[in-house]
2 protein chains.
Amino acid sequence: MYEASTQIWAVDALGALAHETRLRVFRMLVMAGHEGMIAGAIAERQGVPPSTMSHHLATLERAGLVQSERQSRLIHYRADFPGMRRLLTFLMQDCCQGVPEMCGDLFANLSCEAPQSQAANTRPDA
Amino acid sequence: MYEASTQIWAVDALGALAHETRLRVFRMLVMAGHEGMIAGAIAERQGVPPSTMSHHLATLERAGLVQSERQSRLIHYRADFPGMRRLLTFLMQDCCQGVPEMCGDLFANLSCEAPQSQAANTRPDA
DNA sequence: CCCACCTTTCTAGAAGTATCGAAATAGCGG
DNA sequence: CCGCTATTTCGATACTTCTAGAAAGGTGGG
């Protein structure tokens, strides 16, 4: 049971994604997969000065959404998949209480198969 | 395809939740269900002055996460379930590309039934 | 009509965040 | 050791958000 204290990290994670550049960077890193991208390339690709991007990457890392690893002179950034999963779990489970109207059937739109049995019970609005 | 423009509303929604008070309010409204809560009760329950809470509620409403409805002298606020669902869908589908490591099997921890044969493809995305 | 109530809008100061050039740090190759 | 490149940290400024008291806006009762 974690009522008030747990959501503090969630606030940080949400805040980290609540910025156009950072959200784009995170998406780019997701697409880049496990090998991630080099810091400089991220900055250049987004058209943002290195010092600014460094700040954004640090914010994402503090929030547990990306990880960095130095490889000789270069620093690789990659999406922190378990970290993002933690946020999604929080949103669906703790924040939304698993309410089917919000959380149910989300897989239907993914490549995964949908649990077509339930969660279609309530459909009151458009 | 919506590359750059779509995520703007997502930034607003994420930003709306990226505040301790607002996140608590949203969770409270989710738990309150469809009837929601009266503005004054929300403020009092959170120990926040009415004018401050009014701002927070307006932020959540602009972000499409709550809805308000006047009923005579009182104003009811309720969670916008489809709105939150839109955010969750964006995060899992557009932002995370449905990567199973993040998105797969999230139902297993919910009260809903889990899709037992999910993620047949490993999605070799870029 | 006026009053009491609930809520929002106004206002303004405080607090926090964004930005980016300049300087500092870290690792390599000579 | 020195220069070179990649990246971060520093510092200063602009900008945005937060907060909450005061004033205003609807709404119903008497």
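Numbers restart at 1 for each chain; the letters A, B, ... are given by sequence-line order, proteins then strands. Atoms considered below: every heavy atom in the structure, side chains included; atoms not considered: hydrogens, waters and symmetry mates.
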Note, B:Leu17 side chain near B:Leu87 side chain (heavy atom, < 4.5 Å) | yes

Presence of A:Ser51 side-chain N/O under 4.0 Å of C:dG21 phosphate oxygens OP1/OP2 | no

Okay, side chain of B:Gln97, backbone of A:Val30: is any donor-acceptor separation there less than 3.5 Å?
-> no

Is the shortest side-chain N/O distance from A:His56 to OP1 or OP2 of C:dT19 below 4.0 Å?
-> yes

Identify the two heavy atoms, one from A:Leu65 and one from A:Ala13, that lie closest to each other, and give their separation to 0.1 Å.
-> CD1-O, 3.6 Å

Just how far, in rounded Å, is C1' of C:dT8 from CG of B:Leu57?
-> 11 Å

With a 4.0 Å cut-off on heavy atoms, is B:Pro50 in touch with a base, just the backbone sugar-phosphate, or nothing at all?
-> base

Quick one: B:Asp12 CG to D:dT16 P, roughly how many Å, whole number?
-> 13 Å

Between A:Gly15 and B:Met53, who's closer to the 5' end of DNA chain C by nearest nucleotide?
-> B:Met53

Nearest heavy-atom contact between A:Ala43 and A:Met53 is CB-CB, 3.8 Å

Walk me through it: do A:Thr59 and A:Arg62 pass the test side chain to side chain contact (heavy atoms under 4.5 Å, CB included)?
-> CA-CA 5 Å; A:Thr59 300; A:Arg62 267 196 313 273; 3.3 Å; yes

Atom pair distance, as rounded to whole Å: CD in B:Glu20 and C1' in D:dC18 | 14 Å

Taking atom P of D:dC18 as reference, at what distance in whole Å does atom CG of B:Leu60 sit?
-> 10 Å

Provide, to the nearest angstrom, the distance between the CD atom belonging to B:Glu44 and the P atom belonging to C:dC5.
-> 15 Å

Taking only N and O in the side chain of A:His19, is any of them less than 4.0 Å away from OP1 or OP2 of C:dT19?
-> yes

Smallest separation among heavy atoms of A:Met102 and B:Leu88, with atom names = O-CD1, 3.9 Å

Here the distance between atom C1' of D:dT19 and atom CD of B:Gln46, to the nearest Å, is 16 Å

Within the modelled atom types, does a donor on one side and an acceptor on the other bring the side chain of B:Thr52 and the base of D:dA20 under 3.5 Å apart?
-> yes

Output the single nucleotide from D:dT7, C:dG21, C:dT9 whose closest atom is nearest the side chain of B:Ser54.
-> C:dT9

Can you list, by residue number, the residues of residues 67-76 of chain A that have a non-hydrogen atom closer than 4.0 angstrom to DNA chain D?
-> A:Arg73, A:Leu74, A:Ile75

Round to the nearest Å and state the distance from B:His55 atom NE2 to D:dG21 atom C1'.
-> 12 Å

Nearest to the side chain of A:Ile38, which nucleotide is it out of C:dT8, D:dA20, D:dT7?
-> D:dT7

Return no unless some side-chain N or O of A:Tyr77 is found under 4.0 Å from OP1 or OP2 of D:dT8.
-> yes

Neighbour count above 12 (heavy atom, 6.0 Å) for A:Gln71 CD | yes

